[in-house]
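Following: one structure in structure tokens, then a few remarks.
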Amino acid sequence: MKIVIMAGGKGSRLSPRKPLLEVCSIPMIARVYNVAEKISTDIYIATIKNHVIEKELILRFPNIIYTSGKGYENDVLEAVTTIGFPVLVLPSDIPFLKIDYVKPLFTCKSSICTLLSRGKFVGISLWNSDNLNDFSSIESNVDIINVNTKEDLSIANKLCYENI
């Protein structure tokens, strides 16, 4: 299975450097990449040309692909069609991601399977094809922390002490 980690957003609520912001002294994207490596060796980082962290991503990760930067949903579609199917999409701002969180997606037979955490989208999805009319949402029984604001980042770093 292929994996794409999304790391090209504007970061308007926090910082365009969001994927490289640290939680528990480790950049969030590195934490997500470490989990992805336990699932697959075919991992891509999706960003946009001339993104403020593009050069750092190129130095850290071997497979970089580019999207147009027209928004998360559009960029995901561009990334998955570039890479091919099936592909697991992971956002770079889920610092406490665990393999168990995404496992429910692996049994989903729809073309697009999205993961919900307490009824909310968290940006994690499994794409078996690009048939946008065949999708399912799978509820996770876990509160998945998605870092979007300074407050979220602060909460995530406080949780580091609880997760030791």
Side-chain angles (χ1 to χ4, degrees), residues 1-14 16 18-21 23 27-49 51 53-54 57-58 60-149 152 156:
M1 172 179 305
K2 299 172 192 122
I3 297 176
V4 63
I5 300 172
M6 304 301 293
K10 295 175 185 166
S12 57
R13 292 176 283 178
L14 181 57
K18 180 167 72 166
L20 295 175
L21 295 179
V23 170
M28 287 191 285
I29 192 169
R31 296 173 66 83
V32 173
Y33 194 90
N34 291 341
V35 173
E37 284 183 309
K38 294 174 183 170
I39 300 169
S40 176
T41 57
D42 201 1
I43 304 168
Y44 300 83
I45 306 297
T47 192
I48 57 174
K49 286 269 188 204
H51 193 282
I53 63 170
E54 177 188 11
L57 293 174
I58 290 168
R60 288 176 182 250
F61 304 103
N63 299 319
I64 306 292
I65 62 168
Y66 295 95
T67 62
S68 62
K70 294 180 181 173
Y72 190 79
E73 293 83 5
N74 187 73
D75 289 350
V76 166
L77 183 57
E78 288 179 39
V80 300
T81 54
T82 297
I83 295 169
F85 306 100
V87 59
L88 177 65
V89 176
L90 302 173
S92 59
D93 60 0
I94 309 256
F96 300 113
L97 180 67
K98 292 181 173 46
I99 293 173
D100 289 345
Y101 295 2
V102 299
K103 279 185 179 176
L105 293 176
F106 299 151
T107 59
C108 179
K109 301 299 182 209
S110 297
S111 295
I112 305 164
C113 307
T114 59
L115 193 66
L116 301 177
S117 172
R118 310 284 188 233
K120 295 181 180 179
F121 291 100
V122 291
I124 299 171
S125 56
L126 175 64
W127 291 64
N128 294 308
S129 80
D130 61 354
N131 180 356
L132 301 178
N133 296 315
D134 179 29
F135 60 89
S136 296
S137 295
I138 310 297
E139 180 64 50
S140 169
N141 59 358
V142 180
D143 189 17
I144 299 173
I145 296 172
N146 188 323
V147 175
N148 287 312
T149 65
D152 295 339

Smallest separation among heavy atoms of Thr67 and Glu78, with atom names: CA-OE1, 3.3 Å
Reported CD1-to-OH distance for the pair Ile65 and Tyr44, which is rounded to 0.5 angstrom: 8.0 Å
Of all pairs that satisfy disulfide (SG to SG under 2.5 Å), the ones with a partner from residues 60-105, not counting sequence neighbours: none
Polar side-chain atom of Asp75 near backbone of Tyr72 as donor-acceptor pair, under 3.5 Å: no
Ile43 side chain near Tyr33 side chain, heavy-atom distance below 4.5 Å: yes
Over all atoms of both residues, closest heavy-atom pair of Ser68 and Ile48: C-CG2, 3.9 Å
Check: Leu21 and Val147 side chains under 4.5 Å, non-hydrogen atoms: no
Ala36 versus Ile5, closest heavy-atom pair with distance: CB-CD1, 4.3 Å
Sole residue of Leu126, Val35, Leu97 in side-chain contact (heavy atoms from CB on, under 4.5 Å) with Val102: Leu97
Interatomic spacing from CD1 in Ile145 to CG in Asp152 - rounded to 0.5 Å: 8.5 Å
Short side-chain to backbone donor-acceptor contact, Thr47 and Ala7, under 3.5 Å: yes
Non-hydrogen atoms of Ser110 and Asn128 that approach each other most closely: O-ND2, 2.8 Å
For the student: nearest non-hydrogen atoms of Asn148 and Asn146, plus distance: ND2-OD1, 3.2 Å
For Val4 against Ala46, the heavy-atom pair lying closest together: CG2-CB, 3.7 Å
Check: residues 115-125 side-chain donor-acceptor pairs under 3.5 Å, at least two apart:
residue : atom : partner : partner atom : Å
Ser117  : OG   : Val142  : O            : 2.8
Ser117  : OG   : Ile144  : N            : 2.8
Arg118  : NH1  : Asn141  : O            : 3.4
Ser125  : OG   : Trp127  : NE1          : 2.9

Rounded distance [0.5 Å steps], CZ in Arg60 versus CG in Leu20: 5.5 Å
Spacing of Met1 atom CE and Phe85 atom CZ [to the nearest 0.5 Å]: 12.5 Å
Interatomic distance, Thr81 atom OG1 to Asp130 atom CG [nearest 0.5 angstrom]: 7.0 Å
Ile99 side, atom CD1; Glu37 side, atom CD - distance, nearest 0.5 Å: 11.0 Å
All N/O donor-acceptor pairs, side-chain side in residues 86-94, below 3.5 Å, sequence neighbours left out:
residue : atom : partner : partner atom : Å
Ser92   : OG   : Met6    : O            : 2.9
Asp93   : OD2  : Lys18   : NZ           : 2.8

Exceeds 12 heavy-atom contacts within 6.0 angstrom, atom CZ of Phe106: yes
